[in-house]
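Okay, structure first, notes after.
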Amino acid sequence: MAASEDTTSVRTWLRSLDAFPSRLPTFDPAAAPAEPVELFLAWLTEAVQAGEPGPHAMALSTVDERGDPWARVLILKNVDAAGWQFAAHAASPKGRHLAAHPRAALTFYWPGRGRQIRIRGAVTTGSADSNAADFLARSPSARAEGLLGHQSQHLDTLAHRDEAIAESARRVDQNPQLVAEDWTLYTLAPVSVEFWQAAETRVHTRLRYERARADAEWERHLLWP
């Protein structure tokens, strides 16, 4: 198959795929609460109840020292009036990006509900105590991996990885209170939180909460699809 024919075939195939399920929930922006956290938790609860896989998974987007964008999927640790929390090694790429440019975006997507939530704002680091508490709440195997501090570095072989983690696991067994020194709990204090509800007609409903700074009052705005 020629390259142009192959491209056309892929394009046709992609357009044939369903983007959303046939039945989608409704969303009335007029009934939305004054604070975005309340609506977020309501949508997250509905996603959990609907059986969405990994409902607390989110894409974290940062920019590196050159301004190039990076994105990866993490797990939400907590959300409250202060913001949305996630954790990472300060020496990892995401940690280095946030040190240079302490702003980020989070994206939640629940395809079975036809919903996504987009959050932007400044990011701050946790205290030593909160960082340690988050690390110690991880599973033993996750702590063993985290203590190595090699995230995203080049790896020679999988056998080398497994040997290093096995040795680190022995350290965790001997001292369950070991904490990775650069493990960091981050909090994103949002200035923008957008709720996006898909529709089969493709006339989607969008509501954005906006504020000038983290301690300002929220404003709500409808957006064109």
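We number each residue from 1, following the sequence as shown. Values below: all heavy atoms of this structure, side chains included; hydrogens, waters and symmetry mates excluded.
- Although no hydrogens or angles enter the test, the distance criterion places no donor-acceptor pair under 3.5 Å between the side chain of S168 and the main chain of A166.
- Separation of atoms OG (S192) and NE2 (H221) is listed at 10.0 Å; rounding is to 0.5 Å.
- Using a 4.5 Å heavy-atom threshold, the side chains of F195 and L223 count as separate.
- At least one side-chain heavy atom of F86 sits under 4.5 Å from a side-chain heavy atom of L60.
- A side chain to side chain donor-acceptor pair (under 3.5 Å) with Q85 is found for one member of D80, D134, T187 and no other, namely T187.
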Show me the side-chain donor-acceptor pairs of residues 14-29 shorter than 3.5 Å, one per line, residues at least two apart or across chains.
| from | atom 1 | to | atom 2 | distance (Å) |
| --- | --- | --- | --- | --- |
| S16 | OG | W13 | O | 2.6 |
| D28 | OD1 | A30 | N | 3.1 |

Residues 198-208 side chain polar contacts: donor-acceptor under 3.5 Å, at least two apart:
| from | atom 1 | to | atom 2 | distance (Å) |
| --- | --- | --- | --- | --- |
| T201 | OG1 | V203 | N | 3.2 |
| R202 | NH1 | E200 | O | 3.3 |
| H204 | ND1 | A199 | N | 3.0 |
| R206 | NE | E194 | OE2 | 2.7 |
| R206 | NH1 | W224 | O | 2.9 |
| R206 | NH2 | E194 | OE1 | 3.2 |
| R206 | NH2 | E194 | OE2 | 3.1 |
| R208 | NH1 | E210 | OE2 | 3.1 |

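- No hydrogens or angles considered: a donor-acceptor pair under 3.5 Å links the side chains of S130 and S127.
- For the pair L98 and Y186, the minimum side-chain heavy-atom distance is below 4.5 Å.
- Screening residues 95-106 for side chain to side chain donor-acceptor pair (under 3.5 Å) gives T62-H97 as the qualifying pairs, with residues at least two apart or on separate chains.
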Compile the donor-acceptor pairs under 3.5 Å between side chains in residues 38-47 and protein atoms, sequence neighbours left out, one pair per line.
| from | atom 1 | to | atom 2 | distance (Å) |
| --- | --- | --- | --- | --- |
| T45 | OG1 | L41 | O | 2.8 |
| E46 | OE1 | R113 | NH2 | 3.1 |
| E46 | OE1 | R115 | NH1 | 2.7 |

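- Contacts classified as ring pair (Phe, Tyr, Trp, His ring centres under 6.0 Å) and involving residues 158-177 (residues at least two apart or in different chains) are not found.
- Note that OG of S61 and CG of L106 are 8.0 Å apart. Values are rounded to the nearest 0.5 Å.
- For residues 114-150, the set of pairs meeting the ring pair (Phe, Tyr, Trp, His ring centres under 6.0 Å) definition, not counting sequence neighbours, comprises F135-W183.
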